[in-house]
Visitor: 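Please find one structure pasted underneath; my questions will follow.
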Protein chains: 2
Amino acid sequence: MTKRLAPATPTTLDETDRALLAALAADARQPVSELARRVGLSAPSTAERVRRLEAQGVIERFTVQIDPRALGFTLQAIVRVKPLPGQLHLVEDVIRRIPEFVECDKVTGDDCFICRLYLHSIEQLDEILSKVTERAETSTAIVKSTPVARRLPPLG
Amino acid sequence: MTKRLAPATPTTLDETDRALLAALAADARQPVSELARRVGLSAPSTAERVRRLEAQGVIERFTVQIDPRALGFTLQAIVRVKPLPGQLHLVEDVIRRIPEFVECDKVTGDDCFICRLYLHSIEQLDEILSKVTERAETSTAIVKSTPVARRLPPLG
DNA sequence: GGTGAAATTATTTGGGT
DNA sequence: ACCCAAATAATTTCACC
């Protein structure tokens with residue numbers, strides 16, 4: 001069941017919208033009154049902007065960022081996956097079904113998929129990859145640090 | 001006023017906490033009363049749990065997920081970066097300073113960094129990478145689709 | 001887009017299981 | 001640790017300008 005229903009409307013965002021998005025990205029729970037103060041509008045106008053951004057699909061959802069370590073995931077790996085001939089769709093399905101793959105992109109080039117894997121321990125790596133290696137060649141890199149954690153792109 | 005001081009306390013999360021996190025990840029704006037109903041607790045207890053999860057650093061922050069296409073980023077690339085001898089720290093700084101790099105991990109193996117790049121157009125690729133290629137070899141893959149968009153790992 | 005009152009919602013408190 | 005219920009306080013929503 002894939003979501004992504006809003007077709008990413010080609011919208012024109014003004015400076016106020018961008019300021020709103022930046023403020024919400026930093027703290028999505030701040031009161032509308034404070035958001036309003038930050039962007040220099042009244043609270044109702046601000047609330048309506050936020051609703052519009054949601055309806056347009058600019059804001060995909062309100063969510064929480066969770067520390068994976070708190071869930072016991074002490075390791076992360078980036079895995080490049082190159083399916084064997086004829087195994088492309090199957091490999092994609094396998095990856096989708098393994099919840100420890102928290103992210104996967106299909107890309108151009110020799111490696112078909114680039115995925116992010118959360119692990120409780122290094123032993124789990126083989127355990128999980130074994131479900132993939134029957135159908136693909138993999139190349140794994142262990143994350144040592146994260147110089148840039150998921151951040152907003154420039155809004156300007 | 002920055003927050004994010006909690007060092008990812010090694011905490012024990014019970015089933016209720018996990019259910020809360022899942023519900024909040026899906027919709028961080030639902031009223032405490034509804035959260036409470038979902039996890040089978042009273043509203044005050046639920047509110048306190050959420051506060052505790054925040055204080056512990058399990059919840060890093062409340063945020064919004066923004067559709068990059070709405071910001072005009074119609075293209076994504078995964079870039080592997082292998083700094084030239086002696087350029088490692090400088091390359092890391094350069095990447096950090098280019099806001100279109102929305103994510104970057106330092107990993108084991110031949111390629112030192114694996115990064116995600118948001119682009120307005122394919123022309124922007126060279127424009128941005130030129131700031132890196134003076135100091136590193138790069139290998140770029142364009143994202144064609146995203147079989148798994150950022151999701152929660154298993155909470156069990 | 002602004003204003004101000006009504007309706008929801010969250011928070012706090014006290015007492016109890 | 002949690003529940004309940006009530007009081008307080010805050011926020012969002014809904015008229016209308």
Side-chain angles (χ1 to χ4, degrees), chain A residues 5-6 9-67 69-72 155-156, chain B residues 1-67 70-72 152 155-156:
Chain A
L5 306 167
T9 324
T11 311
T12 310
L13 304 177
D14 62 19
E15 275 316 299
T16 305
D17 288 323
R18 295 175 202 278
L20 266 178
L21 291 174
L24 283 170
D27 178 7
R29 246 187 1 173
Q30 58 189 305
V32 172
S33 54
E34 191 173 331
L35 277 177
R37 192 182 51 71
R38 285 185 204 274
V39 303
L41 285 186
S42 72
S45 300
T46 303
E48 196 191 320
R49 290 244 187 185
V50 174
R51 270 194 300 272
R52 220 188 51 213
L53 290 168
E54 253 188 294
Q56 283 173 163
V58 177
I59 295 176
E60 295 179 329
R61 60 182 177 141
F62 287 72
T63 187
V64 287
Q65 194 177 305
I66 296 173
D67 185 342
R69 290 169 299 182
L71 303 176
L155 296 175
Chain B
M1 191 196 328
T2 18
K3 34 178 73 174
R4 170 102 42 282
L5 306 168
T9 324
T11 311
T12 310
L13 303 177
D14 62 20
E15 275 316 300
T16 305
D17 288 324
R18 294 175 202 279
L20 266 178
L21 291 175
L24 284 171
D27 178 8
R29 252 188 353 174
Q30 56 190 306
V32 173
S33 54
E34 190 174 334
L35 277 176
R37 192 183 50 71
R38 284 185 205 274
V39 303
L41 284 186
S42 71
S45 299
T46 303
E48 195 190 321
R49 289 242 188 189
V50 174
R51 269 194 301 273
R52 219 188 52 214
L53 289 168
E54 250 188 296
Q56 283 172 165
V58 176
I59 296 176
E60 295 179 329
R61 58 181 179 147
F62 287 71
T63 187
V64 287
Q65 194 177 304
I66 296 173
D67 185 343
L71 302 176
L152 270 188
L155 295 175

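Lettering of chains follows the sequences in order, A, B, ..., and the numbering in each one begins at 1. Everything numeric here is computed off the predicted structure, so don't read it as measured data.
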Visitor: Nearest to the A/Arg51 side chain among D/dC2, D/dT13, C/dT11, which nucleotide is it?
Guide: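 Within the option list, the nearest is D/dT13.
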Visitor: Checking contacts here: which listed nucleotide (D/dT11, C/dT11, D/dC2) is nearest the side-chain heavy atoms of B/Ser45?
Guide: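 Out of D/dT11, C/dT11, D/dC2, the nucleotide with an atom closest to B/Ser45's side chain is D/dC2.
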Visitor: When the distance from CZ of A/Phe62 to P of D/dT12 is rounded to whole Å, what number comes out?
Guide: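 Value for this atom pair: 10 Å.
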Visitor: Does atom CD of A/Glu34 have more than 12 heavy-atom neighbours, drawn from other residues, nucleotides or ligands, at distances under 6.0 Å?
Guide: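 Counting other residues, nucleotides and ligands, CD of A/Glu34 exceeds 12 neighbours.
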Visitor: Is A/Glu54 salt-bridged to A/Arg49, cutoff N-O under 4.0 Å?
Guide: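 Result for this pair is no, no salt bridge flagged.
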Visitor: With sugar-phosphate meaning primed atoms plus P, OP1 and OP2, does A/Ser42 contact a base, only sugar-phosphate, or nothing at under 4.0 Å between heavy atoms?
Guide: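 Here A/Ser42 touches the bases of the nucleic acid.
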Visitor: Whether the side chain of B/Ser45 engages the backbone of B/Leu41 through a donor-acceptor N/O pair (distance < 3.5 Å, no angle test) should be reported.
Guide: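 Not at all, since once roles are kept as given, no pair shorter than 3.5 Å links the two residues.
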Visitor: Looking at D/dC2, C/dG1, C/dT11, which one has an atom nearest to any side-chain atom of B/Val32?
Guide: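 My answer, after comparing the listed nucleotides, is C/dT11.
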Visitor: Between B/Arg49 and A/Pro44, which has a closest nucleotide on DNA chain D that is more 5'?
Guide: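 That would be B/Arg49.
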Visitor: Separation of B/Arg52 atom CZ from C/dT11 atom P, in whole Å?
Guide: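 For the pair B/Arg52 CZ and C/dT11 P, the rounded distance is 16 Å.
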Visitor: Is a side-chain N or O of B/Gln30 found less than 3.5 angstrom from the main chain of B/Asp27, in a donor-acceptor match?
Guide: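 The answer is yes, because a donor-acceptor pair under 3.5 Å joins these two groups.
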Visitor: Does some side-chain heavy atom of A/Leu13 sit less than 4.5 Å from a side-chain heavy atom of B/Leu71?
Guide: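 Answer yes - side chains close enough.
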Visitor: Tell me the interatomic distance from A/Glu34, atom CD, to D/dT12, atom P, rounded to whole angstroms.
Guide: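 Spelled out: CD on A/Glu34 to P on D/dT12 is 11 Å.
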Visitor: Which whole-number value in Å describes the distance from B/Leu35 CG to D/dC2 P?
Guide: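 Rounded to whole Å, this separation is 15 Å.
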Visitor: Rounded to the nearest Å, what distance is computed from the CG atom of residue B/Asp14 to the P atom of nucleotide D/dC2?
Guide: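 That distance rounds to 7 Å.
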Visitor: In whole Å, I'd like the distance from the CD atom of B/Glu54 to the P atom of C/dT11.
Guide: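 For the pair B/Glu54 CD and C/dT11 P, the rounded distance is 10 Å.
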Visitor: What's the closest nucleotide to the A/Leu41 side chain, out of C/dT9, D/dC3, C/dG1?
Guide: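 Out of C/dT9, D/dC3, C/dG1, the nucleotide with an atom closest to A/Leu41's side chain is C/dG1.
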Visitor: For A/Arg29 and D/dT12, what is the distance between atoms CZ and C1' respectively, to the nearest whole Å?
Guide: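 Nearest whole value for this atom pair: 16 Å.
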Visitor: Starting at CD of A/Glu15 and ending at P of C/dG1, how long is that distance when rounded to a whole Å?
Guide: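 Computing the A/Glu15:CD to C/dG1:P distance gives 14 Å.
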